[in-house]
Structures are given as C-alpha cells and as structure tokens.
Number of protein chains: 2
Amino acid sequence: MEVAPGETFIEEGETPEHFFNVTGGTVRLYKLLPDGRRQITGFARPGHFLGLAVGEANAFSAEALETVRVCRFSRSRLRAVLDDFPAFERRLLRSAANELVAAQEQMLLLGRKTARERVASFLLAQARPLRACDPPPGRFHLPMTRTDIADYLGLTIETVSRTMTRLRTEKLIALPSPAEVVVLDRGRLEALAGGFEEERI
Amino acid sequence: MEVAPGETFIEEGETPEHFFNVTGGTVRLYKLLPDGRRQITGFARPGHFLGLAVGEANAFSAEALETVRVCRFSRSRLRAVLDDFPAFERRLLRSAANELVAAQEQMLLLGRKTARERVASFLLAQARPLRACDPPPGRFHLPMTRTDIADYLGLTIETVSRTMTRLRTEKLIALPSPAEVVVLDRGRLEALAGGFEEERI
DNA sequence: CGTACGGTTGAGTCCAATCAAGCAGCGTGG
DNA sequence: CCACGCTGCTTGATTGGACTCAACCGTACG
C-alpha cells in the first residue's frame, strides 16, 4: 500500500484498526498538545512496525514524510498471524525492545543534553546506515524539514538552524544544501553527542 | 531475591546476564552522561519486567529506591521459559508496548512541556493506582527524593521545589510533608498536565 | 510576477539553571 | 544531653541558553 507525502495514516487518540510494516520511505511519529505544540517521538524507516500499541487509542499519529510504502494488516489478521507463527511474535518483541532502547536514549537527549549535543546526536543517528554491517556514510540526505528536526529534538527551528550553522563554521560538518549533510570531523561530533566536556575551540 | 535501598543491580553498558520481574518496592532506571548528568527514564513498580534489552549491553542502570523484591532469571532460563510458554511471550510483548506508550508520553513531556506542566503530569502519574480499576487516591507518598524527580523530569531540584511550592500556594496540592502529597484540585492539575492554556490566576 | 514556503540571521526577552545561603531532621559520638 | 556533620529541602539573587519576535533570502510554482 502506498501513502502520499503529508498523509496521516495513524491518528493519535483514534481506535487502532490496523497494524503496519514500513517497507519504503520515512514516516514521522508524533504527539500533540492541545495548543499545537508537537513532539516527534521518532522517524520510522523501512523494517519498522507500527501499531503495536495495545489499548483503546493510538498513542501517536503517523504521517508520511515522503511517498511511503507500507504493508497493512487488520488487527484480527495480526492476531491470526501471531497465533500461527510464534517466530513472528519473537520478532515483534525484539523490535519493541530495540524501540525502547532508542526511546530511552531520546529521553536522555531531551532531558539532559544541550542544543549542540542534541543536533550532533541527531546528525550521527541520521548518518547511521540501515544495515549495521555497512560503513557509516560521510554524506547523507535529510528527508525531514528543520521544523521536523526541531520538534524531534525539543528545540525551535531557529535554534536548529543556528546550531547547524555553527557546526558548519567550526568545520565539524558541511552543508552543500540545507538537506545535504557531510560529516567532516566524526570524532569531535561523537564527543559532542556523547556529552563529553567541551574543550576550548 | 531482595535488593537493599541504593543498591544497583543492573549497570548500564554491562553485558546483560539476568532478567528481572519486580515484585515489591520501587526501582529507578537511569542513564548517565560522562560528566555525571543523569536522566531517569522511569520508575519500575511491582509487575514491571527488566532486562528485556537485547544486544550486547544494558541500555540503562537499575537501582533500588527502597527495599526491593525481584524474581531473577538467567537469560538461558528466560529463553527456555519463552520456548515452553508462548503465552508469556505475549505478556512480555504487551508489557513492552505499554512501556513504549509511557516512553512516548515522557518524550512529549521532556521535549515540549513547561516546568509546571511537567510537575503536574508527574504528580498525577504518581497518584494513579496500581490497578486501573481502583479510584485514584487523593493522598499519596513519594518514595523518591527531589533529586530523583528532577532527573526524571529533566529539571533541577530547585525548579522542582519552587514549582511544588507554587502549586501549594495556589491550592492545587497540599504538602503535609515533603514526601506526602494531597491533590486538592484534580481538575486544574489535569488541565495543567494536559497542556491547556493557562487561565489567569 | 507575485505568493508561499523553508531556511537563515539578528535583537531582545524570559524561563529555568546556576550560585549561594539557610533551615530542619537525624544519626553519631563526645 | 547536645554539639556536630550530613543530607534533603527550600528560598533568594543572578545568569544564561534557548525562545520569541522580526526581517530577509532563495527557490518553487501557479
């Protein structure tokens, strides 16, 4: 099934009806406050499962960033598959455990890291290849806007922009275009992201 | 198995060897940055499973707040149990899904809520009974210190203290002692926690 | 060509952090 | 018993990092 860019296919608060597996493109997952403040809780890339959420209501909304491909199951179908293939259940459990680890890392970022550290962490995470065995690419494309990045990192677009500019002037990264990033000094970027004391520049 | 207050029984970065089920007391789960900044990712109460984390290293540390009772399994034992009782796997999956929902809620709190909203959300979460069917108690005990609360909410102890004091002077709560909380105006507290515009006081 | 959108940059403000002091409870030991 | 140190909590004064408000730029597009 294909989802057009900008289309919301899971709505926070609605009763969950389907279970999804992302097979192509990037999805943003987010929660809203009544006055419009938004927190993006993650970006789902191919391989990601969506709609595990138990209970009466979806805990988040999901919206296609680009054209997205998903496999969609009804929840009854999911139950049937789970009953027939216990291995799939194990796979889901592994996936949920990995998501939990990522969520905890993000809580550390949101609760305790500075703007610089948040942006550095984000860029390194984006530089990570899909398959762990591949080498991390030095150059990559950001499919999301500055607004998305800000809402993911708990910052404003202005702060994200300023921070990226500063990382550029300090030669840690290069920005051939706003959406293209080149990692120039992975070591210092990792030190920053990891929260090591900042040495004098 | 019993764990003494202050004792760390899961260490971030170590190879996971055991799987735990909390049966009594409260546990704090946290991550550290190299310079000592701490983010508490959650408090585990009875019923909580710990050590699902797959992979080479624990994603967080776990430390007993009070005297804690846990059931401990070796990971090989866990694997055997999972193979013999698929129902247990389903239970773990449900538990992981619930934790994910809580983690996303916490990301919203850390990324987008003000100090007042964070403290209000925290107090209401603490006021929630263990069994969903029970009525929420109006008065309850906080087993953790202000430092713990601050590190959970991404604030400082001073800000937590000031915010609690202000909620008290505004008659939303009462504090018979620093660790005892009485919810006086649940409605306004919930409006605050939910992020509704603040009306003039 | 005009408009809209995403991004960058500047000036000023503010909320929470930092620095600092003081208080209360509590176990210890002279 | 009480002085002492320690820990946890509160409160005050000040600072600062990120937010807000605002202007501007470049590109895409009808």
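Here the structure is a predicted model, which is why all the values come from computation and not from measurement. Naming: A, B, ... by sequence-line order, numbering from 1 per chain.
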### Message
Given 3.5 Å as the limit, does a donor-acceptor pair link the side chain of A:Glu66 with the main chain of A:Pro5, or not?
### Response
no
Rounded to whole Å, the CG-P distance (B:Leu155 to C:dT18) equals 11 Å
Separation of C:dC15 atom P from B:Arg118 atom CZ, nearest Å, is 14 Å
Only one of A:Asn58, A:Leu29, A:Val70 passes side chain to side chain contact (heavy atoms under 4.5 Å, CB included) with A:Leu50, and that residue is A:Leu29
Rounded to whole Å, the CZ-C1' distance (B:Arg112 to D:dA18) equals 11 Å
Do any side-chain nitrogens or oxygens of B:Thr156 fall under 4.0 Å of OP1 or OP2 in C:dA17? yes
Residues B:Pro178 and B:Leu142: closest non-hydrogen pair is O-CD1, 4.4 Å
Item to check | Face-on cation placement of B:Arg38 at B:Tyr30 ring, 6.0 Å and 45° thresholds | outcome: yes
To the nearest angstrom, the CD-C1' distance between B:Glu180 and D:dG8 comes to 16 Å
Check your understanding: So, A:Thr159 side chain and A:Leu155 main chain: donor-acceptor pair closer than 3.5 Å or not?
Key -> no
When rounded to whole Å, the CG to P distance for the pair B:Leu167 and D:dT11 reads 13 Å
Rounded to whole Å, NZ of B:Lys113 lies from C1' of C:dC15 at a distance of 18 Å
Ring pair (Phe, Tyr, Trp, His ring centres under 6.0 Å) with B:Phe20: of B:Phe73, B:Phe49, B:Phe9, only one passes, and it is B:Phe9
Here the distance between atom P of C:dC15 and atom CZ of A:Arg37, to the nearest Å, is 13 Å
Taken to the nearest whole Å, CG/A:Leu109 to P/D:dA18 is 12 Å
What nitrogen or oxygen pairs link the protein and nucleotides 5-11 of chain C at under 3.5 Å?
| unit_1 | atom_1 | unit_2 | atom_2 | d |
| --- | --- | --- | --- | --- |
| C:dG7 | OP2 | A:Arg146 | N | 2.8 |
| C:dT8 | OP1 | A:Arg146 | NH2 | 3.4 |
| C:dT8 | OP2 | A:Arg146 | NE | 2.9 |
| C:dT8 | OP2 | A:Ser161 | OG | 2.9 |
| C:dT8 | O5' | A:Ser161 | OG | 3.1 |
| C:dT9 | OP2 | A:Thr165 | OG1 | 2.8 |
| C:dG10 | N7 | A:Arg162 | NH1 | 2.8 |
| C:dG10 | O6 | A:Arg162 | NH2 | 3.0 |
| C:dA11 | N6 | A:Arg162 | NH2 | 3.4 |

